[in-house]
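To start, I am sharing the structure in question, which I have written as structure tokens.
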Amino acid sequence: MLEITRIRADKDAVIEGLKTRMIDATEVVNNIVATDESWRAKKSELDSIAAEMNKISKEIGMLFKEGKRDEADAAKAKTATLKENEKNLKAEVDALENELQELLYQVPNVPQSIVPAGKSEEDNVTVEEIGTPVQFNFDALPHWELADKFGLIDFETGVKVTGAGFPIYKGKGAKLQRALINFFLMEADKAGYEEFIPPHVVNEASGYGTGQLPDKEGQMYHVGVDDLYLIPTAEVPLTNIYRDVILPNEDFSIKMTGYTPCFRREAGSYGKDVRGLNRLHQFDKVEIVRIEHPNNSEKALVEMVDHIKGLLEKLGLHYRVLRLCGGDLGFTSAITYDFEVYSAAQGRWLEVSSVSCFETFQANRLKLRFKGEDKKTQLCHTLNGSALALPRIVAALLENHQTEDGIMIPEALRPFTGFDKID
RNA sequence: GGAGAAGUGGCAGAGCGGUUGAAUGCACCGGUCUUGAAAACCGGCAUACUGAGAGGUAUCGGGGGUUCGAAUCCCUCCUUCUCCGCCA
């Protein structure tokens, strides 16, 4: 959620900034400014009535103490109309407050200036591409065929047990999964991220905190009886650790990592997008989350990008880094870099990571602040990234490292798998 | 799941209908003293909104209610603790 103070201070800059997303926010923003103004007017009216009431109450208290019952009763009579006014005004103020809140929820984050304007993924900018497509001198198989051939993943039985999008990993397929998780966590550890095992289910407040609610409601699995949500990413529980927190000084840099399964309903997906491991309802992911001083978030983002590049290079994958255009940017993000690995057998790019800086957008909802030098509280910046999401990495590993008779495990992963080849 | 008890500032802990945004202690910050430190003493020390400011308003787990007035009374939800049951 954007800070109301920011909109108040320069609404035109906000409207202008949002054009990068190819949206015209003039109406909502104007609406916000107007609602905010009438809210403030009504609120100060309400406050002065409340002040009056408080004053009279104190006087009545005093009169009672002095035993002047009659005068007290007279004073009481005066409060009747005030009380009525207060009640009505309170209702108006509450309504305006809710309205303002609803309006603010509708406005996405303002993209940073280097974010390219654009409507869809076609307008994303390739920042760099590392490696070249693998050449095969035999018929390369897509990962779902490899997974079947070597008995690594059982999609059909997953359908029986749960439904489509819930694969069952087995044998070396399961071991590869565990190895990757371990590898990613160890790399994060080396980079100074503290490891967490958070809850896999969160409450509504946490959903709002990181911005999954209210706008991405349909994306999460909802446990109705207990009114809880299965996490779509570890970002939600990890970042919410710091909900309603005021860090005591400005000397901080919080780096967290965690492996969790992620659950996404992915309503509306179909076709080649959902084939094999390309898009699942449940998948594993190691996430990195950072909470930074506003002055340090830019540097942090670079570090995160470099960290992810390192992972992909150690796995020997051909990949590219995209700077998302405004239209492809997530609702809460100010800037996002996507990482895609090239799936040689499918002949397409697969997104394996997304690294974003949210600036104060999440922190504002989370009420995550720090105390500055001048003792004033200020909102922190939050960032996060996948490091990495497993299924498409597995898909790319299987496809890109296949030989005629098996699949080679990258050197860096072998200490974790305990085997160097799947055959 | 059943029965009880409790939730107050960073922590501990008063207050149980009226100048209480909240005693007191500890912690913390600033100062005096000291060669330095400790001790002692003095001062400061919640958050948010609003206002140019003085100030005003709200907040004692969350929400609702009674009252001129609620941290204090009532309802409800949540959480924690103790006992019982169940259980990896």
Side-chain angles (χ1 to χ4, degrees), chain A residues 1-9 32-105 197-209 213 223-229 237 240-252 254 261 360 362-380:
Chain A
M1 181 165 72
L2 288 178
E3 291 158 85
I4 183 68
T5 46
R6 178 173 177 183
I7 298 177
R8 238 183 247 160
I32 286 171
V33 172
T35 308
D36 176 54
E37 260 168 36
S38 44
W39 172 76
R40 277 188 292 168
K42 289 288 177 193
K43 180 73 162 80
S44 85
E45 217 179 307
L46 175 65
D47 282 356
S48 47
I49 290 185
E52 180 73 5
M53 287 285 289
N54 287 342
K55 202 175 130 225
I56 293 176
S57 293
K58 266 181 192 161
E59 282 165 10
I60 292 174
M62 227 113 79
L63 291 171
F64 268 115
K65 249 186 189 159
E66 293 162 16
K68 298 174 180 167
R69 260 210 102 88
D70 294 348
E71 285 181 49
D73 284 338
K76 267 195 209 181
K78 284 200 297 188
T79 62
T81 48
L82 273 178
K83 224 186 166 184
E84 185 63 23
N85 284 347
E86 188 185 28
K87 203 178 140 196
N88 294 337
L89 265 174
K90 179 78 163 58
E92 284 184 62
V93 169
D94 285 349
L96 284 167
E97 221 165 83
N98 287 335
E99 204 178 308
L100 187 59
Q101 193 63 234
E102 289 301 314
L103 288 167
L104 283 170
Y105 277 142
I197 300 180
H200 298 171
V201 180
V202 293
N203 57 28
E204 195 181 37
S206 292
Y208 273 94
L213 296 174
V223 184
V225 264
D226 296 305
D227 198 18
L228 296 170
Y229 295 87
N240 271 284
I241 290 172
Y242 284 90
R243 171 152 48 84
D244 287 319
V245 166
I246 299 175
L247 300 165
N249 54 56
E250 47 192 347
D251 182 27
F252 64 92
I254 294 161
T360 59
Q362 285 185 331
N364 191 212
R365 288 196 190 182
L366 289 162
K367 296 201 170 53
L368 164 52
R369 294 159 294 179
F370 67 93
K371 248 194 191 18
E373 192 100 298
D374 54 359
K375 297 288 175 200
K376 286 252 189 243
T377 52
Q378 272 187 69
L379 293 170
C380 301

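Every chain is numbered from 1 and lettered A, B, ... according to where its sequence line falls, protein lines coming before strand lines.
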Is B/C60 paired to anything, Watson-Crick or G-U wobble with both distances less than 3.5 Å, and if yes, which nucleotide? none

Suppose we define a pair by two distances each less than 3.5 Å, Watson-Crick or G-U wobble; what does B/G4 pair with here? B/C81

Can you check the distance between B/U76 and B/G56, where both ends of the measurement are the C1' atom (answer in whole Å)? 32 Å

Whole-angstrom distance between B/C74 and B/U67, as gauged at atom C1': 12 Å

Spell out, as yes or no, whether a donor-acceptor pair under 3.5 Å connects the side chain of A/Arg369 to the backbone of A/Gln378. no

Taking atom P in both B/A37 and B/G30, compute the distance separating them and give it to the nearest angstrom. 12 Å

Nearest whole Å is fine: how far is B/U47 C1' from A/Leu368 CG? 15 Å

Watson-Crick/G-U partner (both atom distances under 3.5 Å) of B/C45: none

Does any nucleotide pair with B/A54 by Watson-Crick or G-U wobble geometry, both distances under 3.5 Å, and what is it? none

note: A/Leu247, atom CG; B/G10, atom P; distance rounded to Å ~ 14 Å

With rounding to the closest Å, how many angstrom separate the P atoms on B/A46 and B/C11? 14 Å

Write down the distance separating the P atoms in B/G62 and B/G10, rounded off to the nearest Å. 13 Å

For B/A48, take OP1 and OP2 only and decide whether either is under 4.0 Å from a side-chain N or O of A/Arg369. yes

Look up atom CG in A/Leu368 and atom CD1 in A/Ile246, then write down how far apart they are to the nearest 0.5 Å. 9.5 Å

For A/Asp36 and B/C49, what is the distance between atoms CG and P respectively, to the nearest whole Å? 12 Å

Rounded distance (Å) that lies between atom P of B/C49 and atom NZ of A/Lys367: 9 Å

Can you give one letter per nucleotide of nucleotides 51-75 of chain B, 5' to 3': B if a protein heavy atom sits under 4.0 Å from the base, S if only from the sugar-phosphate, - if neither? S----BSS---------BS------

How close do A/Leu247 and A/Cys380 get, heavy atom to heavy atom, and via which atoms? CD1-SG, 3.8 Å

Atom pair distance, as rounded to whole Å: CD1 in A/Ile4 and P in B/C49: 11 Å

B/A70 pairs with which nucleotide, Watson-Crick or G-U wobble, both distances below 3.5 Å? none

Nearest heavy atoms of A/Leu104 and A/Ile7, plus distance in Å: CD2-CD1, 3.7 Å

Searching all strands shown, indicate the nucleotide that pairs with B/A88 (Watson-Crick or G-U wobble; both distances under 3.5 Å). none

Taking atom C1' in both B/U24 and B/C86, compute the distance separating them and give it to the nearest angstrom. 45 Å

Rounded to whole angstrom, note down the P distance from B/U47 over to B/G36. 34 Å

Complement of B/G36, any strand, by Watson-Crick or G-U distances under 3.5 angstrom: none

Return all side-chain donor-acceptor pairs below 3.5 angstrom for residues 197-204 of chain A, not counting sequence neighbours, or 'none' if the list is empty.
from     : atom 1 : to       : atom 2 : distance (Å)
A/Asn203 : OD1    : A/Ala205 : N      : 3.4
A/Asn203 : OD1    : A/Ser206 : N      : 3.0
A/Asn203 : OD1    : A/Ser206 : OG     : 3.1

Checking N1-N3 plus N6-O4 or O6-N4 for Watson-Crick, or N1-O2 and O6-N3 for wobble, each under 3.5 Å, the partner of B/G10 is B/C26

A/Leu96 CG - B/C49 C1' separation (whole Å): 15 Å

Nearest heavy-atom contact between A/Asn249 and A/Phe370 is O-CB, 3.9 Å

When rounded to the nearest Å, what value does the distance between C1' atoms of B/U57 and B/U66 take? 22 Å

Let me have the donor-acceptor pairs involving side chains of residues 79-91 of chain A, under 3.5 Å, with sequence neighbours excluded, atom names and distances please.
from    : atom 1 : to      : atom 2 : distance (Å)
A/Thr79 : OG1    : A/Lys76 : O      : 2.5
A/Lys90 : NZ     : A/Asp94 : OD2    : 3.1

Roughly how far apart are A/Lys371 NZ and A/Asp251 CG, rounded to 0.5 Å? 16.0 Å

